[in-house]
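For reference, positions follow the sequence shown, starting with 1. Worth knowing before you read on, the calculation uses all heavy atoms, side chains too, and leaves out hydrogens, waters and symmetry mates.
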Amino acid sequence: MASLVHLLTTNQAPSDDERARLKETLAECDEKLNAITERISTLEAQLRSLNKEKAALLEASAPFRRALSPFRQLPEDVVRAIFVACLETRWNPTMANTEAPVLLTQISRATRMIALTTPELWAAIHIPITISVRPEVMDTAQSITTARAEGVEEWLLRRSGNHPLHISVNENSEHDGTHALTSRIIDILMACCFRWKNVYFSCSSATLSRISSLSQFDIPLLESLAISSWTDSDDEIDFWRNSDMLKSPALKRFRYLGRNAVLTFPVNWSNLTDLRFTANAGIMDNLARVLRQAVGLVRLDIVLIGYYWLPSSDTISLPRLTSLVVAEFSTPHPDANIGIFASIVAPSLEIISYNTNLDSGLRSPALIACLKRSTNIRELSMSRPSSLNILVEYLSHCPSLRILYITLVGYLPDVPKDKPENNAFLSAFVQSDPAQCLCPHLQYFRYEPTLEVSLPTLHNFLVRKDGTILGLSRWKAVVVNVKYDPVDEPLIKEIQSMEVVGNIRHDISFKETIPYCQNLDRGIVRVTSPVDDWWPSGVVDDMTYLS
């Protein structure tokens with residue numbers, strides 16, 4: 001065979017003798033290949049036969065295995081508890097067959113009966129209603145609404161037993177038409193109003209007028225009421241001003257997303273623990289009056305629109321307030337010391353959320369004064385100020401801070417700040433001397449705007465807070481959007497390798513949008529970033545007041 005090597009490594013043509021030897025060699029190889037192929041065919045036939053036999057045995061034994069399933073050994077009360085734990089806790093469930101509780105009725109006949117006879121599963125519901133449609137689809141809309149009404153009736157009036165109810169309703173008006181389609185569903189809701197506990201209505205004036213006609217005696221269990229008005233008309237304001245239901249002594253949480261007239265509603269302000277409303281120019285006296293009555297507030301959520309004013313010398317004491325959420329859509333006052341932050345004295349305050357639509361992001365002495373008065377701030381959420389130096393000044397008054405979330409105003413361009421300022425900002429959290437570190441107890445850091453930093457600075461920012469330095473808490477989560485110098489690129493892999501270390505989570509990336517169904521869950525405010533699923537915020541906007 002050695003004499004044939006030159007034929008295998010060149011394009012030289014073989015002689016007659018060499019051709020004969022090559023054919024002889026190939027014949028021997030072909031004979032062995034045929035034998036192997038025949039064996040493979042035999043084994044494959046055996047394998048097919050065995051697989052068929054295996055499938056038959058698995059199918060025959062499946063009922064016996066199911067009979068021995070540990071799930072079948074669970075007591076019924078344990079299965080009920082598991083089912084209840086499957087419910088969404090951030091918003092009310094819909095009637096979709098892809099989520100609990102409806103999904104739980106599709107497992108088996110036995111579990112269906114358990115689900116249908118577990119009232120706790122049916123004590124909360126979100127109801128979307130399309131009340132105005134085009135004439136050509138009116139019949140379809142009527143059919144859908146009729147079926148939905150039947151489902152709501154079965155859900156609330158029969159399956160939920162005597163449990164207190166959590167209900168959210170979202171009416172959607174897409175085209176000019178009639179409001180008649182919604183009347184039956186509202187009739188059903190009114191029929192069980194004595195069990196309302198937490199309710200939210202984003203509805204037309206016609207629907208809200210019916211709701212407001214209830215008396216405080218019709219709703220003895222009502223603790224939370226949230227209202228979102230479409231038209232905010234004078235007539236609508238009047239029927240809320242004359243509504244007896246707002247006087248309910250059980251009402252603890254009240255939210256009205258509409259005009260400022262909310263401050264003239266007959267609410268027992270002193271009973272409230274949670275209040276959200278809109279305020280603008282001309283009602284600041286009423287605002288101060290209401291807040292001075294609402295001394296039991298634990299959470300205050302205000303949307304400020306227009307030019308606002310509160311005398312800084314006229315303080316408002318809220319001794320139990322732990323969460324203050326302020327959204328500002330206004331022009332800055334010439335005197336930056338004047339404003340809601342300058343007036344409120346809340347020694348128990350732990351959470352501040354401050355967002356503004358203004359591009360200026362001016363330094364706020366009023367906010368600084370509030371931070372100085374409230375020495376136990378654990379969570380701070382705010383839109384990006386005009387300078388990180390301003391943010392550092394704010395944070396210097398938050399020695400107990402655990403959670404920091406800097407948001408980016410949606411319609412403003414995400415323009416990275418100067419790199420040196422960014423580097424100094426991150427370095428302030430990880431100084432060599434822990435006593436000099438900014439917010440030494442900070443564990444959750446989330447910065448949405450693009451942050452242009454050197455990767456060595458970012459690396460040091462991540463590794464310094466590993467729990468080994470006395471007085472410096474370890475990171476539990478860091479979420480940032482970074483822009484880096486290509487020169488630093490070799491460090492990227494090392495930083496990415498630190499994304500999950502034990503219970504420390506680093507998400508150094510751009511956030512993604514989560515698609516979701518726009519039908520049965522219409523009106524539910526869902527998260528828009530994967531981080532929101534696990535971010536431990538105390539200021540998540542819970543419009544349905546689930547508890």
Side-chain angles (χ1 to χ4, degrees), residues 349-353 368 371-372 374-382 384-385 387-407 416-485 487-509 531 534-539:
L349 194 61
E350 296 182 354
I351 300 171
I352 291 180
S353 175
I368 292 174
L371 293 173
K372 287 182 177 180
S374 306
T375 58
N376 196 36
I377 299 298
R378 302 299 182 92
E379 177 178 352
L380 178 63
S381 172
M382 64 184 302
R384 181 180 64 183
S387 167
L388 286 178
N389 291 331
I390 296 176
L391 179 56
V392 169
E393 184 177 5
Y394 293 157
L395 296 178
S396 67
H397 301 293
C398 304
S400 300
L401 197 67
R402 289 336 191 241
I403 302 171
L404 175 63
Y405 179 20
I406 304 302
T407 65
K417 301 297 183 182
D418 292 338
K419 185 174 178 179
E421 185 181 271
N422 293 342
N423 288 335
F425 173 61
L426 292 188
S427 298
F429 294 94
V430 290
Q431 297 292 324
S432 299
D433 182 0
Q436 301 299 318
C437 287
L438 193 65
C439 304
H441 301 293
L442 190 65
Q443 297 174 318
Y444 294 87
F445 179 92
R446 184 175 178 184
Y447 194 91
E448 279 190 348
T450 301
L451 198 62
E452 185 174 1
V453 295
S454 71
L455 293 189
T457 299
L458 177 61
H459 183 271
N460 187 56
F461 174 77
L462 296 173
V463 301
R464 281 277 295 167
K465 294 189 58 158
D466 60 358
T468 60
I469 300 176
L470 186 64
L472 205 59
S473 297
R474 66 179 302 181
W475 289 125
K476 290 188 176 179
V478 174
V479 181
V480 290
N481 295 323
V482 297
K483 183 177 181 181
Y484 61 90
D485 189 328
V487 174
D488 296 334
E489 191 161 351
L491 270 175
I492 291 180
K493 184 174 292 187
E494 183 176 351
I495 291 175
Q496 288 176 336
S497 69
M498 301 162 53
E499 286 184 354
V500 179
V501 181
N503 62 349
I504 303 174
R505 187 163 184 168
H506 298 285
D507 187 354
I508 305 172
S509 63
V531 175
W534 54 266
W535 188 257
S537 176
V539 293

side-chain hydrogen bond (donor to acceptor under 3.5 Å, both in side chains) involving R378 - partner list, sequence neighbours excluded: N376

Nearest heavy-atom neighbours spanning V430 and K465: CG1-CG, 3.7 Å

Heavy-atom pair of closest approach, residues H397 and K372: CE1-CE, 3.3 Å

Test item: side-chain donor near acceptor, E448 and Y405, under 3.5 Å: yes

Note, S473 side chain near L442 side chain (heavy atom, < 4.5 Å): no

Student check: side-chain heavy atoms of Y394 and I352 closer than 4.5 Å: no

Set of residues satisfying side-chain hydrogen bond (donor to acceptor under 3.5 Å, both in side chains) with respect to S432, sequence neighbours excluded: none

Pairwise side-chain contact, V453 with V480, heavy-atom cut-off 4.5 Å (strictly under): no

Least distance between heavy atoms, G471 atom then P440 atom: O-CB, 3.5 Å

Validation row: C437, L472 side chains within 4.5 angstrom (heavy atoms): yes

Aromatic ring pairing F429/F445, orientation class (parallel under 30°, perpendicular over 60°, tilted between): perpendicular

Whether Y447 and F425 hold their rings parallel, tilted or perpendicular, with breakpoints at 30° and 60°: tilted

Exercise: identify the closest heavy-atom pair between I377 and L349: CD1-O, 3.5 Å

Student check: side-chain heavy atoms of T457 and S427 closer than 4.5 Å: yes

Nearest heavy atoms of C439 and C398, plus distance in Å: SG-O, 3.6 Å

